A.B. asks: 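This is the structure I have questions about; it appears just below.
Fair warning: this is a prediction, and the values are worked out from it, not measured in the lab.
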There are 2 protein chains.
Amino acid sequence: MTVNDAEGPTLLPATAMAGRDEPVDRILATAYELFSRRGIRDVGVNELISSSGVSKATFYRHFPSKDALVLAFLELRDQVWTVDLIVAEASRRGNTPEERLLAVFDVFGDWFQREDFEACSFINVLLEMGAGHPLGKASIDYLSRIRGHIQALAEEAGLDRPEEFARSWHILMKGSIISATEGDALASKRAQQMARWLIEHHRGL
Amino acid sequence: MTVNDAEGPTLLPATAMAGRDEPVDRILATAYELFSRRGIRDVGVNELISSSGVSKATFYRHFPSKDALVLAFLELRDQVWTVDLIVAEASRRGNTPEERLLAVFDVFGDWFQREDFEACSFINVLLEMGAGHPLGKASIDYLSRIRGHIQALAEEAGLDRPEEFARSWHILMKGSIISATEGDALASKRAQQMARWLIEHHRGL
DNA sequence: TCCGAGGCAGACCGGTCTGTACGCCTCGGT
DNA sequence: ACCGAGGCGTACAGACCGGTCTGCCTCGGA
């Protein structure tokens with residue numbers, strides 16, 4: 001009863017959410033914009049409600065606390081960013097599982113170029129709140145979901161030890177994101193080259 | 001005149017600082033402990049002064065603002081962590097430039113195992129404050145110094161394109177740190193293996 | 001026509017934040 | 001013997017935090 005339980009288990013992505021105008025959707029859309037760009041602690045409840053045009057009572061009617069809203073934001077981020085932007089787009093660009101894996105870094109390259117590049121919210125929240133905080137633990141869980149997508153592609157490609165492959169692959173993804181945050185827009189290319197070597201060493205001998 | 005200008009340009013590391021007992025040294029030692037473990041925003045000035053046994057007036061006599069103390073902390077972190085812990089220790093463990101490079105990830109392995117593993121303060125501050133904030137910009141600068149150490153070792157080893165080598169290498173370092181924060185203590189081994197491939201492809205053909 | 005659910009606006013609470021100010025004390029140099 | 005620099009403790013200012021609560025209004029179904 002906290003979050004919208006009538007629309008089904010999956011939160012709508014930001015684009016599909018534009019059509020809706022319910023207060024809970026406006027809150028979530030605003031939270032997505034502010035949290036993904038500026039982090040959690042820098043965005044207060046007062047700013048959230050004023051930016052989404054919602055009263056404070058309405059806010060706390062739908063979300064029992066700010067942390068609950070952050071959890072809903074992370075879930076939305078998993079859908080909008082991980083699934084719709086990265087996995088779906090990479091799968092669209094590649095014809096084989098290996099091509100789809102490497103296309104992840106092509107998508108990263110386009111993403112790094114965007115002027116509103118906001119890094120990875122899961123890493124941000126994890127480092128901002130700490131691994132022991134409930135929000136940090138939730139972020140770790142969403143990061144493991146990303147590895148799950150990579151592992152599934154690795155299994156499709158018939159690569160050796162797909163679980164360890166996904167962990168190494170994820171190191172390249174996270175490292176390139178940090179480098180892009182520092183300003184290295186070519187970080188995706190460097191990571192993609194190392195990713196190629198990783199694939200070669202995980203192919204059946 | 002803000003920070004100790006009588007002792008020379010370099011701040012003393014935490015171990016060598018234990019002998020000193022000046023208020024400014026106690027403040028810096030406390031800031032190092034608290035900032036490196038819990039980040040910037042989670043540690044307030046009141047906690048800093050009570051933990052270091054210093055009055056608030058004394059604090060602001062030595063540091064004009066909290067941000068100024070954070071800058072001094074980052075400088076100290078560069079000395080204690082980057083130089084003394086990582087670069088010096090890796091150089092001690094390896095006999096050749098290539099061995100010294102790979103030993104970075106051996107040092108990482110030991111570091112990841114520590115119960116008080118606190119991740120990389122430069123990445124933490126960068127993501128916590130944002131790339132546009134002065135503290136974020138300072139963190140980017142200290143991260144580039146790390147790349148400088150790697151690049152110097154790559155030049156010693158006679159590797160091709162040492163600047164690009166260092167950027168790829170740094171991706172592995174940062175990615176493995178994030179993975180270790182998630183709980184993957186073997187991240188250093190995975191990164192080290194990819195680092196070996198990177199060295200091979202940068203050796204003179 | 002009525003009535004209650006839900007939305008809006010904003011006051012308010014206790015707590016915390018950075019930063020300032022004031023008073024008292026100790027200690028070292030002249 | 002003095003006197004000022006610098007340390008300590010603390011109260012305080014002004015802003016903001018998450019969260020609670022009270023009023024008022026609108027709208028849709030019985």
A.B. asks: Could you check whether B/Arg93 pairs with B/Asp106 (Lys NZ or Arg NE/NH1/NH2 to Asp/Glu carboxylate O, under 4.0 Å)?
C.D. replies: no
A.B. asks: B/Glu47 vs B/Arg38, test: salt bridge (Lys or Arg N to Asp or Glu O under 4.0 Å). Steps then yes/no.
C.D. replies: CA-CA 12 Å; B/Glu47 184 179 359; B/Arg38 288 165 41 200; 2.7 Å; yes
A.B. asks: Hey, is B/Asp110 close enough to B/Arg114 for a salt bridge, meaning N to O under 4.0 Å?
C.D. replies: no
A.B. asks: Parallel, tilted or perpendicular, judged at 30° and 60°: which one describes the rings of A/Phe165 and A/His202?
C.D. replies: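 Perpendicular: the ring planes of A/Phe165 and A/His202 meet at over 60°.
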A.B. asks: Roughly how many Å is it from NZ in B/Lys66 to P in C/dG19, rounded to a whole number?
C.D. replies: 9 Å
A.B. asks: Quick one about A/Thr58 and A/Ser55 (side-chain donor to acceptor, distance below 3.5 Å, no hydrogens or angles considered), yes or no?
C.D. replies: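 Yes - a donor-acceptor pair under 3.5 Å links their side chains.
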A.B. asks: B/Lys137 vs B/Asp141, test: salt bridge (Lys or Arg N to Asp or Glu O under 4.0 Å). Steps then yes/no.
C.D. replies: CA-CA 6 Å; B/Lys137 293 181 180 178; B/Asp141 186 60; over 6 Å; no
A.B. asks: For DNA chain C, which residues in residues 41-56 of chain B have a heavy atom at a distance below 4.0 Å?
C.D. replies: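 Within residues 41-56 of chain B, the residues near DNA chain C are B/Val43, B/Gly44, B/Val45, B/Asn46, B/Lys56.
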A.B. asks: Could you tell me how the ring of A/Phe108 sits relative to the ring of A/Phe112: parallel (under 30°), tilted (30 to 60°) or perpendicular (over 60°)?
C.D. replies: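 A/Phe108 and A/Phe112: tilted rings.
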A.B. asks: What is the separation between atom OH on A/Tyr60 and atom P on C/dC8, rounded to the nearest whole Å?
C.D. replies: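 After rounding, the reported distance stands at 16 Å.
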A.B. asks: So what stems show up for DNA chain C if we need 3 or more Watson-Crick or G-U pairs in a row, all under 3.5 Å?
C.D. replies: C:1-30 with D:1-30
A.B. asks: With salt bridge (charged side-chain N to carboxylate O under 4.0 Å, His left out) as the rule and sequence neighbours excluded, what pairs involving residues 176-187 of chain A come up?
C.D. replies: A/Glu182-B/Arg147, A/Glu182-B/Lys174, A/Asp184-A/Arg190, A/Asp184-B/Arg167
A.B. asks: Report the distance from atom CZ of A/Phe59 to atom P of C/dG6, rounded to the nearest whole Å.
C.D. replies: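 These atoms are roughly 18 Å apart.
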A.B. asks: A/Gln113: what forms a side chain to side chain contact (heavy atoms under 4.5 Å, CB included) with it, not counting sequence neighbours?
C.D. replies: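 Listed in chain order: A/Ala185.
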A.B. asks: Which nucleotide of DNA chain D is the first, and which the last, in the 5' to 3' direction, to come under 4.0 Å of a heavy atom belonging to chain B?
C.D. replies: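 First-to-last contact on DNA chain D, by the 4.0 Å heavy-atom rule, is D/dG6 to D/dT10.
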A.B. asks: Is a donor from one side chain sitting under 3.5 angstrom from an acceptor on the other, for A/Arg77 and A/Tyr142?
C.D. replies: no
A.B. asks: Would you please name every residue forming a side chain to side chain contact (heavy atoms under 4.5 Å, CB included) with A/Asp67, sequence neighbours left out?
C.D. replies: A/Ser65, A/His133, A/Leu135
A.B. asks: Measure the distance from CG on B/Leu69 to C1' on C/dG19 and round it to the nearest whole Å.
C.D. replies: 14 Å
A.B. asks: Check this one for me: any side-chain N or O of A/His62 less than 4.0 Å away from OP1 or OP2 of C/dG6?
C.D. replies: no
